[in-house]
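We use all heavy atoms of the structure for the numbers below, so side chains are in, but hydrogens, waters and symmetry mates are not. Throughout, a chain's letter reflects where its sequence line sits, starting with A, and its residues are numbered from 1.
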Protein chains: 2
Amino acid sequence: MSSRGKTLSLDNINPNAIKVEYAVRGGIPAAAAKYEAELDQGKKLPFDSIVWSNIGNPQQMPNLAQPPLTFWRQIAALTEYPALLDAPKETRDALFPADVQQRARELLDAFGSVGAYTPSKGVALVRKHVAEFVEERDGYPENIENIYLTAGASWGILTLFQALFRSGQDAVLIPIPQYPLYSAALSLFDLEPLHYDLNPDEQWRPSLDNIREQIHRAREQGKTPRAIVVINPGNPTGACMSEEEIQAIIREAYDQGLVIFADEVYQRNVYQTECPFFSFRKVLLDYGKSSNEEERRMSEMVELVSFHSISKGYSGECGRRGGYFELTNIDPQVEAQVNKLVSVSLCPPTQGQIGVDMLVKPPRKGDPSYDLFIQETQKIHDTLEQRSETMAEKFSKLPGIHIEPAMGALYLFPRLHLPKKAWEEAKKQDKKVDELYCRELLDETGICVIPGSGFGEQPVQLEDGTSHSYFRTTVLAKATDQFVERFIKFHTAFMKRYED
Amino acid sequence: MSSRGKTLSLDNINPNAIKVEYAVRGGIPAAAAKYEAELDQGKKLPFDSIVWSNIGNPQQMPNLAQPPLTFWRQIAALTEYPALLDAPKETRDALFPADVQQRARELLDAFGSVGAYTPSKGVALVRKHVAEFVEERDGYPENIENIYLTAGASWGILTLFQALFRSGQDAVLIPIPQYPLYSAALSLFDLEPLHYDLNPDEQWRPSLDNIREQIHRAREQGKTPRAIVVINPGNPTGACMSEEEIQAIIREAYDQGLVIFADEVYQRNVYQTECPFFSFRKVLLDYGKSSNEEERRMSEMVELVSFHSISKGYSGECGRRGGYFELTNIDPQVEAQVNKLVSVSLCPPTQGQIGVDMLVKPPRKGDPSYDLFIQETQKIHDTLEQRSETMAEKFSKLPGIHIEPAMGALYLFPRLHLPKKAWEEAKKQDKKVDELYCRELLDETGICVIPGSGFGEQPVQLEDGTSHSYFRTTVLAKATDQFVERFIKFHTAFMKRYED
């Protein structure tokens, strides 16, 4: 008899897959899911519900920080079931405004059926609307062939990292702290991550010196730096970049021969007016009007990929998986390869594509749907702003917590100053101190947040034995007893438990 | 001034991406898309429309071989826009049967909002329904943790190949002819493809000798064969495997230490009763009841991944991207890695997940939606069967074409016996003879089919200078003047043009 064991084991599967870490859906959220299942089964725990604050999921129950927009969902329903458009006029007019019916018909014309494959880059009409949107935003026309619709921004980033970079050789600059998709993608494709610091004492501004150091080090080690990732507005930091900061990154990319990956999925989540959103594309193309010849050349040479998503902003439509990326200054032969690779996944989900159409072409003033749309988006804006401010304000009053109000995005990223004994206890448990903190927070309150180390921001022990570390929380939970009061009680007890 | 050129060029992007070929969305479909755009612009061509027969896209216009199922689309509409469930009872009952309303409420309970991320494996309720479906089909219970919902079968295959196999070392057996997703995935992840033949003269039965030869050769070259892909019912061949053939593959996998990837997305597309569909899972688990100890052991040892999809079958819902894979006998530590990797893509699209729910739990006898559902699916079945038969019958009468009626799937895969001069002309144009044939077919008629070489089935020149080659056509186009008559005219002219 054969003594054959299993074919697949941890020893012989893809070692790069094993290296991947993805904290926002990692150990702490997994423990939270287990608690939630236990609560459902009637088990007694120190809390009666999980407060999910681990991931930007604005339509998640019971927070529902962002109820779905009526305009979006009406169009989704009509494109799914076009028979509703053939219902008696009185019935359908009672259910759907005229502009919604018209838009649904236009989309059905373009899609045929939402059950059919579309072109791999997405339906041309939607890409046309994206091109019009970026033209209106940036002031420069766009060719629809530069637009690729995707199943969310993450999918686009994974696909492009895989298409464009060489395993074991190429290196990519990513900010620290970062969104862990980037480090996960680099591990998976065996690419070298080059960490550049964002400075917490200067509103998380990127350090250019640090970027240059990292590039130098990588080259010395025989690696080839090929790209820089910038997240603006920042995740997890919530920082918004000024035009000057963006210019500095573009110059650096030009000098060092780097492709820029601009993750701009939070472009509509901006909560202040001093530092509005500038797209990398606009700042890059503005150089084309410079009187300086080298700057004009820069504008034509620097390769840029910009990402946008329906999962954030006012829509928060994470579940339908939609977004797009836009290629600027990419060599046509390289683009042909991207096009081919994208086709292997056939096409992005049709309701994700329709979502992109809503994102870039919302109702206009005078349309029957306009007033309700404005009312709903304004309410979402106010809710997010208010939850973010209340949380930041209450956190800032706690000893051992330092916090800057977020300028944008959906998160707060408070700094913890924890006592020496907490560091020692973490060490004893073979954990990082921020992991200890977040795990005890979950165990005692049911609040699920992610340690800063999950974003690459490692805890640091200070000379006196105390430590600095971070955690990220979304601002989506109701900022009442559900979250803030439980949190304050926990934090106070934690500081006392580990005090000297 | 910097003389910096572009950073990305064909010379320095991922060479594995460049190697990828994907004929079903490759050069010929691209040429067809160009013609279609020209026709739209009013250009005169030798035909007035493109007949898309390159990919199994049943809801594509204008073929629309499979109109969407009312039950599916009503539930999609209600889950997208739950306000319809709050419409006055009279209105909503006029639009939606009671079972549809109830099912939509049940799904909304499970999903919360379809705009929210779900667990990365998919919503538990849907996975529970999948487990019940496979239990009913195979006679063995299933644990919902073995079920992973996906954005279509392709996505699952790409993700698992990447998670489980080691670049530059591992080898995977794929049938020839095959669906080009497999060769594309192997190129992209730098895995060694081991081609095993399906024998056209024995209803495309796999050759076990050939499988063993390939494994032997790979081991001699220092590669590690890890898995075998089986497509049943076959794509492009349309062949259905008997229970005995499946048993033979399972034994071989056991002896050789191979994981089985069973692509069973056409399990509902079966057009005869002599050789019904057997799932690999059922045949594998049946060995558990054997009186032979080694067979029982086999049943517990052989690792199997089974794939299913909403894109084929009676639903043909390609655009929403939904499907699932099911793990059997996979080591729990390996499964944990799969789970982690899947989480990096966040979650499958929610309407794809809801589609899976419809796929595995259609209306039951006595439900208000049942009669219409049966009527619609029966009509789809009849349409596909009739188009497939008419096409096969008309093709079979043409000189130089040999064809077996398909037992299942959505395709015909006719063999061409072409004159010597066609081979010579192809050589002159630096093409394969099947490419020459398909390209001239497109140029003269607007019919878009894929050369057999796109599926790995290479043309062969015979001793007398003539050749054998293949092409794949879907059976989705109307089998009337739109397709068959244009085709016959072309084929007759082609044979005459190149006759000796």
### Engaged part of Ser345(A) at the chain B interface, taking heavy atoms whose separation is under 4.5 Å
both
### Query
Does any N or O in the side chain of Arg166(A) come within less than 3.5 Å of the main-chain N or O of Asn12(B), such that one atom is a donor and the other an acceptor?
yes
### Leading residue by heavy atom contact count with chain A [cutoff under 4.5 Å; candidates Lys340(B), Gln169(B), Glu300(B)]
Lys340(B)
#### Entry: Heavy-atom side-chain contact between Thr70(B) and Tyr81(A) under 4.5 Å
yes
## Note on the structure
Residues Val344(A) and Val20(B): closest non-hydrogen pair is CG2-CG1, 3.9 Å
### Query
Looking only at heavy atoms, which two atoms of Thr7(B) and Leu258(A) are closest? And how far apart?
OG1-N, 3.8 Å
### Query
Taking all non-hydrogen atoms of both residues, which atom of Tyr22(A) and which atom of Ser343(B) are closest, and how far apart?
CE2-O, 3.3 Å
#### Entry: Which atoms of Pro62(A) approach chain B - backbone, side chain, both or neither, heavy atom under 4.5 Å
neither
## Note on the structure
Between Leu346(A) and Arg321(B) the two heavy atoms that sit nearest each other are CD1-NH2, 3.7 Å
### Query
Measuring heavy-atom distances to chain A, does Ala30(B) have an atom under 4.5 Å in its side chain, in its backbone, in both, or in neither?
neither
#### Entry: chain B contact via Leu78(A) - side chain, backbone, both or neither, heavy atoms under 4.5 Å
neither
### Query
In terms of heavy-atom pairs under 4.5 Å, which option from Thr79(A), Leu181(A), Leu95(A) contacts chain B the most?
Leu95(A)
#### Entry: Distance, nearest 0.5 Å, that separates CZ of Arg320(A) from CZ of Arg320(B)
10.5 Å
### Query
Which bit of Ala151(B) is near chain A, if near means a heavy-atom gap under 4.5 Å: side chain, backbone, both or neither?
neither
### Query
Looking at Met301(B), Gln353(B), Glu317(B), which makes the most heavy-atom pairs under 4.5 Å with chain A?
Met301(B)
### Query
Nearest 0.5 Å, what's the CG-CD distance between Leu84(B) and Gln74(A)?
8.5 Å
### Query
With only heavy atoms counted, which part of Gln333(B) is less than 4.5 Å from chain A, the side chain, the backbone, both or neither?
both
## Note on the structure
Most contact-rich option vs chain B, by heavy-atom pairs under 4.5 angstrom, among Gly257(A), Ala184(A), Ser154(A), Ala185(A), is Gly257(A)
### Message
Is it the case that over 12 heavy atoms from other parts of the model lie below 6.0 angstrom from the CD atom of Glu21(A)?
### Response
no
#### Entry: Toward chain A, the part of Pro29(B) with a non-hydrogen atom under 4.5 Å
neither
### Task
Sort out for me which of Cys318(A), Ala17(A), Pro119(A) touches chain B most, counting heavy-atom pairs under 4.5 Å.
Cys318(A)
### Summary
Ranked by heavy-atom pairs below 4.5 Å to chain B, first place among Gly316(A), Pro68(A), Pro348(A), Ser120(A) goes to Ser120(A)
### Message
Donor-acceptor pair, distance only, cut-off 3.5 Å: does the side chain of Gln351(A) make one with the backbone of Gln351(B)?
### Response
no
### Task
Against chain B, label Leu341(A) side chain, backbone, both or neither, depending on which of its atoms sit under 4.5 Å from a heavy atom there.
side chain
### Under 4.5 Å from a heavy atom of chain A, the part of Ser315(B) involved
neither
### Residue part contacting chain A, namely of Ile310(B), when any heavy atom lies under 4.5 Å
neither
### Query
Of the backbone (N, CA, C, O) and the side chain (C-beta and beyond), which part of Pro58(A) lies under 4.5 Å from a heavy atom of chain B, both, or neither?
neither
### Summary
OG (Ser167(A)) and CG (Asn16(B)) are apart, to the nearest 0.5 Å, by 7.0 Å
### Query
Does any heavy atom of chain A fall under 4.5 Å from the side chain of Phe96(B), the backbone, both, or neither of them?
side chain
### Message
At a 4.5 Å cut-off on heavy atoms, which part of Asn329(A) comes close to chain B: side chain, backbone, both, or neither?
### Response
both
### Query
Ignoring hydrogens and geometry, is there a side-chain-to-backbone donor-acceptor pair from Glu80(A) to Glu80(B) under 3.5 Å?
no
### Summary
When the 4.5 angstrom heavy-atom criterion is applied to Phe189(A) and chain B, the contacting part is side chain
### Query
So which part of Gln162(A) gets closer than 4.5 Å to some heavy atom of chain B, the side chain, the backbone, both or neither?
both
### Task
Identify which part of Leu158(A) has an atom lying under 4.5 Å from any heavy atom of chain B, answering side chain, backbone, both or neither.
side chain
### Query
Leu8(A) versus chain B, heavy atoms under 4.5 Å apart: side chain, backbone, both or neither?
both
### Message
Determine whether a donor-acceptor pair (N or O, by modelled atom type, separation under 3.5 Å) exists between the side chain of Asn57(B) and the backbone of Ala116(A).
### Response
no
### Summary
Under 4.5 Å to a heavy atom of chain B? For Ala83(A) that would be neither
### Task
Please report the closest heavy-atom contact between Gly112(B) and Met61(A), naming both atoms and the distance.
CA-CG, 3.8 Å
### Segment of Thr118(B) engaging chain A (4.5 angstrom heavy-atom cut-off)
backbone
### Part of Ser113(A) lying under 4.5 Å from any heavy atom of chain B
both
### Query
Are any side-chain N or O atoms of Lys6(A) and backbone N or O atoms of Glu303(B), one a donor and one an acceptor, separated by less than 3.5 Å?
no
## Note on the structure
Looking only at Ile157(B), Val334(B), Val259(B), most heavy-atom pairs under 4.5 Å shared with chain A are made by Val334(B)
### Message
Testing the basics here: between Ile13(B) and Ala163(A), what is the closest heavy-atom pair and its distance to 0.1 Å?
### Response
CB-O, 3.8 Å
